[in-house]
Amino acid sequence: MNEKDALDKSYDPEAIESKWYDFWFRKGYFRPEFRKDGFPYTITIPPPNVTGELHMGHALQHAIHDTVIRFKRMQGFRTLCLPGTDHAGIGTQMKVEQQLWEQEKKTRHDIGREALLKRIWDWKEKYGSTIFRQLREMGCSYDWSRERFTMDEGYVKAVLETFVRFYEKGWIYRGKRMVNWCPQCGTVISDLEVEEKEVKGHLWHIQYPGIGEGPDVVVATTRPETMLGDTGVAVHPLDMRWQKAVGKQVMLPLMNRPIPIVADDYADPEMGSGAVKVTPSHDPNDYEVGQRHHLPEIQVIGLDGKMTDAAGRFAGQDRYVCRKNVIAELEALGRMVKVDDHTHSVPHHDRCDTVIEPLPMEQWFVSMRDLADLILPVLREKQIVYVPDRFREYSIEWLTNIRDWCISRQLWWGHRIPVWTCDDCHQVIVSVDFPEVCSACGSQKLIQDPDVLDTWFSSALWPFATLGWPDETEDLKLFHPTNLMITGRDILYLWVIRMIMTAEEFVGEIPFKTVLVHPTVQTRDGRRMSKSLGTGIDPRELIGRYGADATRLSLLYQCGSSQDIRFDAEVKDNHLQDSPIAEMCRNFCNKIWNASRFVHMNMADRDLADVSLTVLPDDLTDLADRWILSRFHHTAEQMTQSLEAYRFDEAARTLYDFVWSAYCDWYVEMAKVRLNGGDVVARKKVQSVLCVVLEGMLRLMHPLVPFLSEELWQKFPHRGEALIVAPWPEGDRARFDGVAEEEMALMQGVIGAVRNIRGTMRIPPGIRVTVLLKPSSASAAQTLEATKTYIAELARIENLTIGTQVIRPEASASAVVGEVEVFVPLSGVINLDVERQRLTKEIGGLEKAVMGLDKKLGNEAFLKNAPADVVEKERQRRDEYQNALSKLKENLSVLAG
RNA sequence: GGGCGAUUAGCUCAGUUGGUUAGAGUGCUGGUUUCACAUACCAGAGGUCACUGGUUCGAGCCCAGUAUCGCCCACCA
């Protein structure tokens, strides 16, 4: 062994993480080209928004991505995990505008389109590269040579191509509809970007006096300022109270405008007076009522959220200031009949939290019905598997009630809508390339639509546009459909469904075979993790403190089947205080490090370049060896299953148990006996098993903890050049050894019993005790004899006697383990009272168990109905407990006497 | 208003098709600086599995309802 290869005393993540990423990258392991054969396995990552840096949700998402892709790579697939970023129209423009205002007190209009776009591109460069750096710090083995951005040259082409094809199919149309206007962002948004929030407000009841024959009408509203735009009052056609009123007029207070009473189904007779005010320009329902009755549209609230000239003397007031003023004036006029407290849902923009103003506007829409019908069979027939499956059901539900999608945005950052209007003949031209001249009249005065497309319109092409579509590239042929889409549930409709639609339409394939919906990361008390709430943490803080491997593992360890992860970290003002689970994972990494260090230290007499150390000796008879191999192969099989099922928590736990509880706590401890026993052959043998199992263990942990495992793997005998591309251990059932596991359990039980006595009696580890073991069967006796040295060492025993004829020493502590009675002679070391207490407690537990079983076995219904093997099993257990119980009682009575 | 998920030890969570005295980590108590690791080792205490019914020989697990928390969908004043 070379001295410089020795392992440091403790594990230092920083020292090893930096070097391996570069090594893997340089060797080209992240690229599918690294393998010449094998089935392709593809994942395109959900492109993070270039709005900012990655948060804990991303950290989880990419821990999963990289774990899966490393697992598949080791299984021999030609793996491609394709990274990229999303331009995130509204989000990014908002950030840059904010910055512009904070730093220079300027708006986008002050600097103009070109200058703003320049700044956004700078922003994109900065955050885009930060994001990729963060991913590399986490160890993500993505193919950076295929990195994409939703606004790079080729991608823009795909987006425009899509628009034109949709348009030609009649699926994109321009029309006037009620849309969601965000006065803050100055753009329309789609229904999916609206977040309904419960708000405590009021319900104001206002009296509109009748004109002539028209009766006085009381209407109720949650938005009094909209009354300025009322152009009618509706009542239900079958409402007896109002039949005579229909066709008459009332006077709109404050505006002194006569408005008609119309009959419309929309009015609910059960609500209030049964009459409802109609504001066609500011309410989706009223808009439709207005259409049906040809009521004029009077827009009193403008695009800036302030009252328009149509609001008369209220013009220029902010909509909420105006509300107060309207209420005050109505009260002064005596028209405010009453005010009720009222909680109702109010639409907010999900990005900026501003209250949405519904307005009728001319916009571009995608007609969704045909696209929905195109993919409904795909979901119904489970051509795409959702994990968990319920999200597939929700998607079907959503598609069934789908509405058209507003895709134009009044923003500057994004894909310009490829539509030109001829200024001379007003011809509309839709084309991927700039048309130069009007195809109808030849004019060069072409004006492009000023709007850009919804970000999600471009994201919808992600899996195939990143592989080269609309060109028929080799990548597209080889890697599409992709295998897995790993995403949060918040964008299942916004994004995932639309990807399926576009892939079906343009590529004629599903875009991915499986959708894995991962949990949402929350704070430890179940709140949202967000910087504005002060509850966010930067994954880099975790990495800095516990290392990238431990950070990944801590996320995976908490990533089970539940819909949320309450990340256990203590957070204060967006900074990490501490995280018990990350600490546990860091300790686990250190444990692995030290187990390796132990093996390394015990290889001084071996040549570590000798690959024969990677092969098991074929004559393994020692219980410890057979047992650890059996455990290893069970672990490998279990981990394979867990990873295939995307149960990362289970995989992490399985690994943890094997490494810590099996390999370290038992095998390494037992190995010491033969390592130091002086028998050269035995020593060589145990060295081999230590090495082989350690090497296999490193392979099993690599997808979860890539840096640490590669570092250690390189220090031990191995085949191949890097762990990242070493074969995955699937688990060999031929190595399962039930007998070894049973014998080991007996030995562990006996050692546990002695330790329990020692612990209860407070016997310091330094003192070795005398122990007598009395097996009641030949097989138990044999097991004890075979493991005698192990028992003596691990239970710290000086004189160990084993025999069926053993006679209980007079004053002794005792225990029963299956077919073995354990005696520890007291001889002064032991406190009799304590032993009596211990036995009494043990007896109490056994009595309870025996009583329960007696009751069960005395129940004729149980004997009659339960399967015979269950009954038999219960009988055996009962006998076993009873046997232990009577022996312990006997021992207690001796002590008492 | 509709749908879904969660509720197990002080805390964060596991718990396969119903069948041992319900587990882990952390925290707590006691003991150890034993030649890989004090980021460790050994032992111990700690739970009416949210509640109420039901199905069953048998329920943490299946069914119904209730409560609390969370998520999604929904144009009702």
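If you're wondering where the values come from, they're calculated on a predicted model, not measured in any experiment. To find a chain, count down the sequence lines: A is the first, B the second, and so on, and within it residues start at 1.
Qualifying ring pair (Phe, Tyr, Trp, His ring centres under 6.0 Å) partners for A/W242, counting only residues two or more places apart in sequence or in other chains: none. Partners of A/D490 according to the side-chain contact (heavy atoms from CB on, under 4.5 Å) rule, which considers only residues two or more places apart in sequence or in another chain, do not exist here. In terms of the side-chain contact (heavy atoms from CB on, under 4.5 Å) criterion, residue partners of A/V355 (sequence neighbours excluded) are, by chain and number, A/R319, A/Y320, A/V346, A/H348. Qualifying side-chain hydrogen bond (donor to acceptor under 3.5 Å, both in side chains) partners for A/R545, counting only residues two or more places apart in sequence or in other chains: none. Checked against salt bridge (charged side-chain N to carboxylate O under 4.0 Å, His left out), A/E196 has no partners two or more places apart in sequence or in another chain. A search for side-chain contact (heavy atoms from CB on, under 4.5 Å) contacts involving A/T520 returns A/R489, A/D564, not counting sequence neighbours. A/D833 pairs by the side-chain contact (heavy atoms from CB on, under 4.5 Å) definition with A/N831, A/R836, not counting sequence neighbours. A search for ring pair (Phe, Tyr, Trp, His ring centres under 6.0 Å) contacts involving A/F588 returns A/Y656, not counting sequence neighbours. By the ring pair (Phe, Tyr, Trp, His ring centres under 6.0 Å) test, A/Y394 pairs with A/F391, sequence neighbours left out.
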query: How does each nucleotide of nucleotides 30-37 of chain B score, in 5' to 3' order, for protein heavy atoms under 4.0 Å: base (B), sugar-phosphate only (S), or none (-)?
result: S-S-B-BB

For RNA chain B, the dot-bracket pattern of Watson-Crick and G-U pairs whose distances stay under 3.5 Å, | for other-strand partners: (((((((..((((.....[...)))).(((((.......))))).....(((((..]....))))))))))))....

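Across the interface with RNA chain B, nearest-nucleotide mapping of A/Y656 and A/L853 shows A/L853 to be the residue nearer the 5′ end.
Rounded to whole Å, the C1' atom of B/C49 lies 16 Å from the corresponding atom of B/A24.
At a non-hydrogen distance threshold of 4.0 Å, A/H342 from residues 336-348 of chain A come into contact with RNA chain B.
Residue contacts shown for A/M271 include a base, since a base heavy atom lies under 4.0 Å away. At the heavy-atom level, A/L846 lies under 4.0 Å from base atoms of the strands shown. Residue-level contact check: A/R403 touches the backbone only, with heavy atoms under 4.0 Å from sugar-phosphate atoms and none from bases.
For the side chain to side chain contact (heavy atoms under 4.5 Å, CB included) with A/S395, the lone residue among A/V496, A/T400, A/I497 that qualifies is A/I497.
Across the protein-nucleic acid pair, A/Q522 atom CD and B/C13 atom P stand 9 Å apart, rounded to whole Å.
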